Every structure is written in C-alpha cells, then in structure tokens.
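Keep in mind the model is a prediction, meaning the values are calculated, not measured. We use all heavy atoms of the structure for the numbers below, so side chains are in, but hydrogens, waters and symmetry mates are not.
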Amino acid sequence: MIYIVLIGINMLYACVSLFTKYASQQEFMSWNYTVGLIGAIGVMGLYAILWQQVLKRVELSMAYMFKGTSLVFVMLLAYVFFGEQITWNNIIGAIIIISGIVLFAHSSEPIANSQ
C-alpha cells in the first residue's frame, strides 16, 4: 500500500510541472498565467503536506527512491497535455528509473541499513 501512496504523491508532484509549463505558455501576468502559477503553488503546498506525512511513516531512503517516478510522470503528462514527443532516450531512462525502484524495493536489505 505504501508504494501506491508514494507513487501517487510523486504523480501529484509531477502535476506542478504541468501548471508551470501551462503558465510559461501564457502572456506574462495574464489571467491564465496567474491561474497556472496559483495551480502550481497549490499543488506544491498539498504535496509538501502529504510528503511530510509519508516521511513520518517511511524510511527516508525508501521515500526518496520513488522521487524518480515523478520524472516518468512528467514525461507522460507532457505527452498527454502538451503533445511533447517521447523519444527512445526517454523510454530507456524511464525503464532504468523503474528498474532501480523495483530492484531496491525487492532487495532484502535497504541501502540505508547496509552499513
């Protein structure tokens, strides 16, 4: 269950990139620009609160391991919402990130405790 929560929180974090990208495409200080920035700040605030709650319950090394998923989500969301292309390098990078998370999550001894 905690893995799903961590993935969800990092997907939320990836949404900050959507709002900032949207704002960057608008005229400076226009209504749409302001909406984009307010959206980014709101999502970042919600993310910060949820992240702190996760850190109370999960080892820091485990929580940060999932931060890489936000990069994969940004790539996918940029494709869906902005029509940005996904290249082979993007796909290879995503596979490496996900493979690292799977390997770490299934290891018998987390890196933080291996000293």
_CZ (Phe81) with more than 12 external heavy atoms under 6.0 Å_ = no
*Answer yes or no: does atom OH of Tyr13 have more than 12 heavy-atom neighbours from other residues, nucleotides or ligands under 6.0 Å?*
no
Rounded to the nearest 0.5 Å, what's the gap from [atom1] on [X] to [atom2] on [Y]? Could you check?
X: Leu76; Y: Glu84; atom1: CG; atom2: CD; value: 11.5 Å
X: Leu46; Y: Ile9; atom1: CG; atom2: CD1; value: 9.0 Å
X: Ile7; Y: Ile2; atom1: CD1; atom2: CD1; value: 10.5 Å
X: Leu12; Y: Ser70; atom1: CG; atom2: OG; value: 11.0 Å
X: Phe82; Y: Gln25; atom1: CZ; atom2: CD; value: 5.0 Å

Any [X] side-chain heavy atom under 4.5 Å of [Y] side chain:
X: Ser17; Y: Leu77; result: no
X: Arg57; Y: Met62; result: no
X: Tyr79; Y: Met75; result: no
X: Tyr47; Y: Met11; result: no
X: Thr69; Y: Phe66; result: yes

Considering non-hydrogen atoms only, spot the tightest contact between [X] and [Y] and give its length.
X: Ala63; Y: Val58; result: N-CG1, 3.9 Å
X: Ile101; Y: Met65; result: CG1-O, 3.5 Å
X: Met44; Y: Val16; result: N-CG2, 3.9 Å
X: Phe19; Y: Gly36; result: CB-O, 3.3 Å

Treat each ILVMFWY residue as a node, draw an edge where side-chain heavy atoms are under 4.5 Å apart, and state whether [X] and [Y] are in one component.
X: Val5; Y: Leu60; value: yes
X: Ile91; Y: Val80; value: yes
X: Leu50; Y: Tyr3; value: yes

*Output the rest of the hydrophobic cluster of Ile96: all Ile, Leu, Val, Met, Phe, Trp and Tyr residues reachable through side-chain heavy-atom contacts under 4.5 Å, sorted by chain and number.*
Ile92
*Cluster companions of Phe28 among Ile, Leu, Val, Met, Phe, Trp, Tyr (side-chain spacing under 4.5 Å)*: Met29, Tyr33, Leu37
*Do the side chain of Ser99 and the main chain of Ile95 share a donor and acceptor less than 3.5 angstrom apart?*
yes
*Asn90 side-chain N/O to Ile86 backbone N/O, donor-acceptor pair under 3.5 Å*: no
*Which of these, Val35, Ile41, Thr34, sits in a side chain to side chain contact (heavy atoms under 4.5 Å, CB included) with Ile38?*
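It is Thr34, the one option of Val35, Ile41, Thr34 that forms the side chain to side chain contact (heavy atoms under 4.5 Å, CB included) with Ile38.
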*Given side-chain contact (heavy atoms from CB on, under 4.5 Å), test Tyr22 with Leu18 step by step and report yes or no.*
CA-CA 6 Å; Tyr22 173 78; Leu18 285 180; over 6 Å; no
